[in-house]
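Just below is one structure, and these are the notes that go with it.
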Amino acid sequence: MTHSSRTGHYVSTATNGRRSRWAAFVAVLVALVAVGGTYALLSASSKASAAPTESATSAQIEEGKNLFLEGCSSCHGLKAEGIDGDTIEAGGNGGPSLIGVGAAAVHFQVSTGRMPLAGPEAQAPQKAPIYNEEETAALAAYIASLAPGPEIPTAEDLKYEGASIAEGGELFRTNCTQCHNFAGRGGALSDGAYAPSLMEASPQVIWEAMATGPQQMPVFSDQTLTPENKKSIIKYVTSLQTASNPGGLDLGSLGPVTEGLFVWIAGLGLIIVVAVWIGAKVR
Ligand code: HEC
Ligand code: HEC
């Protein structure tokens, strides 16, 4: 190695010229792999963070209890027993009892940012969640420790890839379109309430909505919609989400697009590699 290449100032002499071209090539390659790798890592970690929680530990329940006392008890009562009278509609904070609503209801409400409720609205809107995944899991574990209710879905419950999309479409049209619209775009209900668009809902949130029936939405128990039925509905709704962003040009919505983007970056990298190689050969 010459002094010049060690310090990174490449001098275009006869011997260094070829080396610098290869150095440029290696640098481009490293940069592309880094970008692609970061993307893959980011999308992998965002998937992992949505993964179902393992069974609760007592430390987790304790943490959840503390978070609950700080952030939720003013409306739901010190023991989650609910606060009567003084309802939101009447200008107070009265929230319903959470005894028996289950971990799934807590995860649904908190991960979609509906809870903690910010103000007296007809319906808690979705917003950026205030609690991270770990805190949400702790809150869910605490509420689940008070009384049994619908649990957070297991990885098995959410393994929808092999489900039938045709069956999912049929079940969706029978059970969901009257409120959420045939394309899952949502719609108005009576009294200022609305069924939200399903375009952002993760498989876990779709499952939890069916299992817990928030607000006017009915509960779809395993008797009404079997675990297999739920998987095919999740598969169908996921396909609607993908279809709503054809071509992968909508980079604003991460999700199915990230994989396409990764392939695109890798493909672009290959083209650059070939171009650099041809350039080196020709000269
Ligand atoms: C400002 C008052 C307020 C605060 C703070 C609040 N909630 Fe609520 N919560 C409500 C009201 C009112 C409802 C019922 C209306 C609705 O579902 O939108 C509700 C509903 C819920 C439900 C649904 C219950 C069911 O029957 O499915 C859950 C779960 C819940 N809250 C959990 C929490 C948790 C956990 C926190 C703390 C992180 C919290 N809430 C903070 C007022 C509040
Ligand atoms: C009677 C009307 C009604 C029916 C039928 C209904 N829903 Fe809902 N759904 C709602 C309402 C209202 C909400 C919002 C609840 C809230 O904000 O607390 C909701 C919320 C949801 C959410 C949460 C969306 C998000 O991004 O936070 C999902 C997912 C969902 N529903 C899926 C379904 C599926 C799947 C079906 C059919 C199996 C279905 N719903 C049937 C009314 C309905």
Side-chain angles (χ1 to χ4, degrees), residues 64-77 80 82-83 86-127 129-131 135-144 146 149-150 168 170-181 184-221 224-225 229-238 240-241:
K65 185 177 181 180
N66 291 332
L67 291 169
F68 181 85
L69 287 173
E70 274 168 43
C72 323
S73 63
S74 61
C75 297
H76 288 289
I83 295 181
D86 207 21
T87 57
I88 292 282
E89 291 79 10
N93 306 327
S97 164
L98 300 183
I99 306 294
V101 300
V106 176
H107 186 274
F108 174 81
Q109 298 283 343
V110 176
S111 75
T112 60
R114 288 180 165 86
M115 291 291 139
L117 191 67
E121 292 169 81
Q123 181 168 345
Q126 291 138 281
K127 50 186 177 347
I130 288 179
Y131 296 92
E135 293 165 333
T136 307
L139 281 164
Y142 168 63
I143 295 299
L146 301 174
E170 215 164 282
L171 291 168
F172 187 83
R173 283 185 288 276
T174 328
N175 296 288
C176 322
T177 40
Q178 69 267 39
C179 296
H180 288 286
N181 155 298
R185 295 284 178 175
L189 303 173
S190 56
D191 296 330
Y194 57 91
S197 156
L198 304 181
M199 291 304 117
E200 304 292 323
S202 68
Q204 185 172 353
V205 162
I206 301 170
W207 192 97
E208 288 168 347
M210 291 189 277
T212 66
Q215 298 225 328
Q216 279 101 315
M217 179 163 162
V219 173
F220 294 94
S221 69
T224 322
L225 290 175
N229 292 159
K230 287 191 171 78
K231 286 181 194 178
S232 54
I233 289 179
I234 291 173
K235 173 129 178 184
Y236 180 72
V237 173
T238 314
L240 291 178
Q241 294 172 344

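Just so you know, these numbers use all the heavy atoms, side chains as well, and skip hydrogens, waters and symmetry mates. Atoms within each ligand, like the ligands themselves, are counted from 1 in listed order. Just so it is clear, the model here is predicted, and its values are computed rather than measured.
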Quick one: closest heavy-atom pair of [X] and [Y], and the distance?
X: Ala209; Y: Phe108; answer: CB-CE1, 3.8 Å
X: His180; Y: Pro196; answer: ND1-O, 2.9 Å
X: Ala80; Y: Leu146; answer: CB-CD1, 3.8 Å
X: Gln109; Y: Thr112; answer: O-OG1, 3.5 Å
X: Ser111; Y: Thr136; answer: N-CG2, 4.3 Å
X: Gly113; Y: Lys127; answer: O-NZ, 2.5 Å

request  = Begin with the C-alpha distance, continue with both residues' side-chain angles, and end with the deciding distance and a verdict on side-chain contact (heavy atoms from CB on, under 4.5 Å) for Ile206 and Leu198.
outcome  = CA-CA 8 Å; Ile206 301 170; Leu198 304 181; over 6 Å; no
What atoms in ligand 2 come closer than 4.0 Å to a heavy atom of [X]?
X: Ile206; answer: 29 (C)
X: Pro214; answer: 15 (C), 18 (O)
X: Gln178; answer: 5 (C)
X: Thr112; answer: 27 (O)

Out of all atoms in ligand 1, which are within 4.0 Å of some heavy atom of [X]? Include the element for each.
X: Gly94; value: 12 (C)
X: Gly71; value: 5 (C), 37 (C), 41 (C)
X: Ala124; value: 18 (O)
X: Ala105; value: 29 (C)
X: Tyr131; value: 38 (C)
X: Val110; value: 35 (C)
X: Gln109; value: 22 (C), 23 (C), 28 (C), 29 (C)

So, the side chain of [X] versus the backbone of [Y]: is there a donor-acceptor pair under 3.5 Å, distance only?
X: Gln123; Y: Gly192; value: no
X: His76; Y: Pro96; value: yes
X: Ser73; Y: Leu69; value: yes
X: Gln215; Y: Tyr194; value: no
X: Lys230; Y: Phe220; value: yes

Phe108 heavy atom under 4.0 Å from ligand 2 = yes
request  = Tell me, please: is Gln123 in heavy-atom contact with ligand 2, that is, under 4.0 Å?
outcome  = yes
key: Audit row: Leu225, Leu171, side-chain contact (heavy atoms from CB on, under 4.5 Å) steps and yes/no   = CA-CA 9 Å; Leu225 290 175; Leu171 291 168; 4.1 Å; yes
For ligand 2, indicate whether the residue [X] contacts it via side chain, backbone, both or neither (heavy-atom separation under 4.0 Å).
X: Tyr194; value: backbone
X: Ala193; value: neither
X: Cys176; value: both
X: Val237; value: neither

task = Go through the steps for Tyr236 and Arg173 under the test side-chain contact (heavy atoms from CB on, under 4.5 Å), then give the verdict.
result = CA-CA 11 Å; Tyr236 180 72; Arg173 283 185 288 276; 3.7 Å; yes
Which option out of [options] puts a heavy atom nearest to [atom]?
atom: atom 4 (C) of ligand 1; options: Gly102, Cys72, Cys75, Gly149; answer: Cys75
atom: atom 26 (O) of ligand 2; options: Arg114, Gln126, Met199; answer: Gln126
atom: atom 32 (C) of ligand 2; options: Met217, Lys230, Met210; answer: Met217
atom: atom 30 (C) of ligand 2; options: Thr224, Thr212, Leu198, Leu189; answer: Leu198
atom: atom 13 (C) of ligand 1; options: Pro150, Ala104, Pro96, Ala80; answer: Pro96
atom: atom 28 (C) of ligand 1; options: Leu98, Ile99, Thr136; answer: Leu98
atom: atom 42 (C) of ligand 1; options: Leu67, Val219, Leu117; answer: Leu117

task = Ignoring angles and geometry beyond distance, decide whether Gln215 reaches within less than 3.5 Å of ligand 1 through its nitrogen or oxygen atoms.
result = yes
query = Looking only at N/O atoms, are Ser97 and ligand 1 under 3.5 Å apart anywhere?
reply = no
message = Using the rule given for side-chain contact (heavy atoms from CB on, under 4.5 Å), can you reason through Phe68 versus Ile143, listing the C-alpha separation, both sets of side-chain angles and the distance that settles it, and then say yes or no?
response = CA-CA 9 Å; Phe68 181 85; Ile143 295 299; 4.0 Å; yes
ask   = Does Leu240 reach the side chain of Met199, with side-chain heavy atoms less than 4.5 Å apart?
value = yes
request  = Answer whether the closest heavy-atom distance between the side chains of Pro116 and Tyr131 falls below 4.5 Å.
outcome  = yes
inquiry  = Just to confirm my numbers, could you give the angle made at atom 8 (Fe) of ligand 1 by SD of Met115 and NE2 of His76, rounded to 10°?
reply    = 180°
key: ligand 2 N/O within reach of His180 N/O, cut-off under 3.5 Å   = yes
ask   = So, is Gln216 polar-close to ligand 2, with some N/O to N/O distance under 3.5 Å?
value = no
Which residue holds the protein heavy atom closest to [atom], what is that atom called, and what is the gap in Å?
atom: atom 5 (C) of ligand 2; result: Asn175 O, 3.3 Å
atom: atom 22 (C) of ligand 2; result: Ala209 CB, 3.7 Å
atom: atom 2 (C) of ligand 2; result: Cys179 SG, 1.9 Å

task = Report, as yes or no, whether the 6.0 Å neighbourhood of atom NZ on Lys65 holds more than 12 heavy atoms from other residues, nucleotides or ligands.
result = no
